[in-house]
Amino acid sequence: MSREKRINFATVWLSGCSGCHMSFLDQDELLIDLSQKINLVYSPLTDVKVFPDDVDVTIVEGAIGNVEQMELLKKVRERTKILIAIGDCAITGNVPAMRNIINNSPEEVLKRAYVETADKNPIIPTEVPKLLRRVLPLNEVIKVDYYIPGCPPPASLINYVLTEVLAGRTPVMEGKAKYG
Amino acid sequence: MSSEDRRLQMLERIMREHGYDKSALLEILHMAHELYGYFDKNLLNYISSRLNLPPSHVYGVASFYNLFKFRRPGEHVISACMGTACYVKGVEEIVSAIEREFNIKRGGSSPDGRISLFITRCIGACAMAPNITIDGEVIGRATKEAVLERIRKVLGGGVVEAR
Amino acid sequence: MSGTGVVKLKIDGVEVTANEGETILSAAKRAGIKIPALCYLDGLSSYGGCRLCIVEVKGSPRLFPACTTPVSNGMEVTTDSPKLRKYRKMTIELLLSEKPHICAICIANGNCELQDLAREFGVDHLRVEREWKSQKIDLSHSFLVLDNNRCILCTRCLRVCDEIEGVHALDIKMRGKDSQIIIDIDDDWGSSISCTSCRKCARVCPVGAIYVRDEPISRTKNKDIAQFILLRRRR
Amino acid sequence: MKPDDILRVAEREAEKQRAYKSRINVCCSSGCLPFGALQVLKAFESAIKEYGLEGECKVSRTGCIGTCSVGPVALIEPGGFLYQNITPENAKEIVKRHIISGEPVKELLYANEAFFKKQYRLVLRNAGRIDPLRIEEYIMVGGYSALIKCLTKMTPKEVIDEVIASGLRGRGGAGFPTGQKWNFVAREKATPKYVIANLDEGDPGVFANRTLAEADPHAIIEGMTIAAYAVGAEKGYIYVRAEYPLAVQTLREALKQAKSMNLVGENILETQFNFDIELRMGAGAFVAGEETGILASIEGRRATPRPRPPYPATSGLWGKPTLIQNVETLANVPLIILNGGNWFAKIGTPKCTGTKCFSLTGKVNNPGLIEVPMGITLREIVFEIGGGVPAGRKFKAVLVGGPSGGCLPESALDLPIDYESLTKAGAIMGSGGIVVIDDESCMVDTAWFFTDFCVDESCGKCVPCRVGLLKMRNILERIMRGEGRLEDLDLLQELGEYVRDVSLCGLGQTAPNPILTTLRYFRDEYIAHIVDKKCPAGKCFRLEAEI
């Protein structure tokens, strides 16, 4: 396959543990097939700093927890044709969103994390992106085209969905969408 | 006889009149609520043992119905009707005004425990909407000013008596 | 309820013979037709609350819960259709959104009927916002745990406690969105006077709301327990 | 007592009443009481005494006359002069000028003839005309003669046939044919059977049943006893909202009287027929008005409905055959028995016979309780009887059928009132609430209010109602905060249809109506909130923005 026919592919990592990216890599030898079809234009695995224009498919791991992530995600959406939410954090908020239980209050969350439970130097950091009041799943902010649930989703499921999407088909999720 | 004993005796009489019939639970709860003004766990446990009903059943039934309170209400009770007509005619504004002036939240009591503010379902006096009930007396076609004034009066009266 | 007569009906086009008074769910099960259900459990009374087992009956615009609707002669039942599928999917979606269900940290992960249903119906995301209010977790019992954050209010625990164990230690307090499982007069489980610690509630809980501490959930769960005891008693 | 004794009671009472030249009926219903009706009653009484007219003019406390917005009111007979906004001071004036000098006090008369013109009072035949606390007056105006007729001249089957011929349908909301329901219960073999009179009128903005009970409790009791005779029941319950203390009190007193005259109880009127009635009070749960919810509540349980079938007709109270009927339905029954089913069937429309009581409230000039023949249009109700919206405001919508009714726009006003037309338009008959909404109200906010009501009143048993409705309400709140998205409208629609189709009971099945109808008729208001971030009525966006 010539390089021209390859599609521009990106992966994005928001509030998540990177487990979904690990699972993505767990596709092992199947990644070789995949690499024939894609140009990896943006990813935590690359050193690209700015999310490029004209991306065909982007997979996004993690929930939206702060304003920086919110901005990035909106940019990603604008510049991507097909956006796939990968993993429970991106789909439901999952573990990162458990902080929502604490009164929807970032101040209390920060206090809990950096003051109450600190062994040394109990100080709330100031040079980090501002937290949103609530951690949000992707589809509460932008339009998501496909979802791959799981914590993390098994490599086989990731591969199935990508194969279908790259082939222009709609993946059938009945019997496959397992949270957790 | 203490008033506590008297109340218990009356409750016992009502249960006897109903033949300690389990299906009369709601009637008996009504009576107990009227006598005590609210439910606490001891009272519900007592009813459950007298009627030989599981305690969880009694608590489940009592907490299902809105009319029953589980906290001692304030000295004066204000209830705002949230029926459709009252809502359309702006009862919400009156309620917010009461909340602000007396530092009280709907469903709760003022910090000094002198007044409670409840939201009730339609009391059926829709043609006179909005309706606010203060200590059992319905004020129809209520205005914010009139209601606040009335509450101030009711509270003021209490202070005079206390002296 | 159980009559002596025999009725004939069609379920998904298959001719089925059933006893008068029998439910559609039970008749379908014998015919090998699986209808999804969550609050229903063999051996317990039918509740009709989860609405997963809704089916279409020819001639009626209404949908009927298969677990409570008795069969009748000549009835034509459809247990699967695009509409039913869409509605069942919505029910699962709503249940998942009602509480902060986080499979990743749940003891029942991998042994959960709600999780299984989500997979079966392909509920791969939620269109409605999830509730993130924290609810009471009762850890006061020496080995039983009640985590209201995971409860789907199917009432299997209530029914097994009332109908099989014969105690009725559990019930629901409040109503609507505020409904919650309680023990006795909303007491801590550890101080309950009526609970016999028989753990049947944990055995039948379809999710991870009631479980035995430090025990693998696969060992705790036993969906057949109610039916098993019922049959033993009839012996 | 025997039937003849009852007839003699009527004669004696009539004689007593004939001695009076005039009669002042003071409405002491829940509507007029807060405005000093009792003081007015006292003022009339003392004025009559002062002028020494005790033998000529009878002052009577009665139930509601309907014009609740101008209370306290009093009706002076003969002539049917209706006085409004009476105070103790002008009560004396009325006695002086009207009773003594025979000149009606024009400036105090209720001048709005349109309010009564299109009404047709069957159920409310005695409301405001007799003293509800005196059974003798009810008997005098023909009360209990239908029961006598049934017990002495008709078989239960004939009674049912008459009701079937009348075409009467349940007034509680769904409109199921009453006679057919009676047939179902009558043919059941299990005993004992029960009759339940449903007076759990929980819909906000509705007070028709309460008014009926306060004004004419014996009509309910008589209808109920006839129903019991027809279906073979021996025990009945009247289930009343505890929020209606005066109705409870009135019914309690009326039951006592009926029992003392042997019209309820054992061997009624010395026949073999036994029927006892007990009063049961609700405790603040809208869902307890649902057929199976009411059963659970009377049995002393949480008022959670259960799936039907089995229907209460086969398996109701304690698993026994049970007839559940709204009190308004029951109050129609004595008339049907006395005048015949065919007479009744001529009133209203062919498919929807008789009349319906409505509580007309909201932004309308003449709010109150009305009774109209079926088939009348909403326009006639709102603009003729109700006198339209107050000056300076514009009509926007009318909500028909309580919290789970539908919000209908101007274009639907020519709809005839009957079960089918209303359902088709997205509303329901419900228990008869009509709330007029003007341009000051926001339709999104209005839909939110009703949805919020149903969220609070949901019993929590089934998922669609417990969770689905809550999510719908939350989406509305998002829209009202200015954070709505256009996709929300499709989601609301989908959720609404789901909750309607999948919910266990009538509450859930109709709860999405306010949202579904506002989406259908007032979509532009939703879009204004979402796209322009504007509330056309200036009501919303008061909730704090969240993110």
Side-chain angles (χ1 to χ4, degrees), chain B residues 18 21-31 33-34 47 51 53 56-69 79 81-93 96 118-134 136-142, chain D residues 30-35 67-71 201-207 209-211 241-244 247 280-286 288 297-304 317-318 359-363 366-369 399 402-403 433 435-438 440-441 446 449-450 453 456-457 459:
Chain B
H18 282 283
D21 179 6
K22 291 178 170 58
S23 76
L25 176 60
L26 204 52
E27 297 293 296
I28 289 157
L29 286 174
H30 263 302
M31 192 35 113
H33 196 262
E34 210 168 282
I47 294 171
L51 298 181
L53 278 167
S56 60
H57 174 88
V58 173
Y59 194 90
V61 171
S63 62
F64 184 89
Y65 296 94
N66 258 0
L67 217 66
F68 299 135
K69 308 266 175 285
S79 16
C81 175
M82 268 293 171
T84 313
C86 293
Y87 185 76
V88 169
K89 292 240 175 144
V91 74
E92 179 66 41
E93 280 167 40
S96 316
F118 296 113
I119 300 295
T120 57
R121 284 309 177 204
C122 186
I123 58 167
C126 314
M128 285 80 61
N131 294 288
I132 304 276
T133 310
I134 299 176
E137 194 189 327
V138 182
I139 302 181
R141 288 175 219 142
Chain D
S30 295
C32 286
L33 283 177
F35 297 102
T67 53
C68 309
S69 60
V70 291
E201 186 177 50
D203 308 30
V206 182
F207 49 93
N209 291 348
R210 185 208 64 194
T211 306
R241 286 182 83 197
E243 288 91 332
Y244 286 176
R280 283 286 162 102
M281 259 199 289
F286 180 56
S297 194
I298 291 177
E299 290 175 9
R301 295 186 284 117
R302 295 164 59 86
T304 44
L317 271 183
W318 298 287
S359 323
L360 180 60
T361 59
K363 303 291 184 67
N366 316 322
L369 180 73
L399 180 102
V435 185
V436 180
I437 294 164
D438 69 6
E440 260 185 326
S441 296
T446 305
F449 172 75
F450 294 118
F453 174 87
D456 272 355
E457 294 296 339
C459 80

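Please read these numbers as outputs of a predicted model, since none were measured by experiment. Just so we're on the same page: letters track the sequence lines, and every chain starts at 1. Note that these values count all heavy atoms, side chains included, but never hydrogens, waters or copies made by symmetry.
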Of the non-hydrogen atoms in [X] and [Y], which two are nearest, and what is the gap between them?
{"X": "B:H30", "Y": "D:G282", "value": "NE2-O, 2.7 Å"}
{"X": "D:R301", "Y": "B:Y65", "value": "O-OH, 2.9 Å"}
{"X": "B:V88", "Y": "D:S441", "value": "CG1-OG, 4.4 Å"}
{"X": "B:M82", "Y": "D:F449", "value": "O-CZ, 3.1 Å"}
{"X": "D:R302", "Y": "B:S63", "value": "NH1-OG, 4.4 Å"}
{"X": "D:V206", "Y": "B:C126", "value": "N-SG, 4.0 Å"}

I'd like to know which of [options] tops the heavy-atom pair count under 4.5 Å against chain B.
{"options": "D:K363, D:E201, D:E243", "answer": "D:K363"}
{"options": "D:P34, D:G284, D:C68, D:A283", "answer": "D:A283"}
{"options": "D:G71, D:S30, D:G31, D:G202", "answer": "D:G31"}

- Query: Taking every heavy-atom pair that is under 4.5 Å apart, which of B:C122, B:C81, B:C86, B:A62 has the most such pairs with chain D?
  - Reply: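 Heavy-atom pair counts peak at B:C122.
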
- Message: With heavy-atom distances below 4.5 Å as the criterion, would you say the side chains of D:F450 and B:T84 are in contact?
- Response: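 Side chain of D:F450 against side chain of B:T84, heavy atoms only: contact under 4.5 Å found.
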
- Item | Stepwise side-chain contact (heavy atoms from CB on, under 4.5 Å) check, B:R121 with D:F286 | CA-CA 9 Å; B:R121 284 309 177 204; D:F286 180 56; over 6 Å; no

- Check the pair B:F64, D:T304 against side-chain contact (heavy atoms from CB on, under 4.5 Å), reporting the backbone distance first and the verdict last. CA-CA 9 Å; B:F64 184 89; D:T304 44; 4.0 Å; yes

Using non-hydrogen atoms only, which part of [X] is less than 4.5 Å away from chain B: side chain, backbone, both, or neither?
{"X": "D:L33", "result": "neither"}
{"X": "D:S297", "result": "both"}
{"X": "D:D203", "result": "backbone"}

- Task: To the nearest 0.5 Å, tell me how far D:M281 CE sits from B:L67 CG.
- Result: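 So the CE of D:M281 and the CG of B:L67 are separated by 9.0 Å.
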
- Query: Measuring heavy-atom distances to chain D, does B:H57 have an atom under 4.5 Å in its side chain, in its backbone, in both, or in neither?
  - Reply: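 When you check distances to chain D, only side chain atoms of B:H57 fall under 4.5 Å.
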
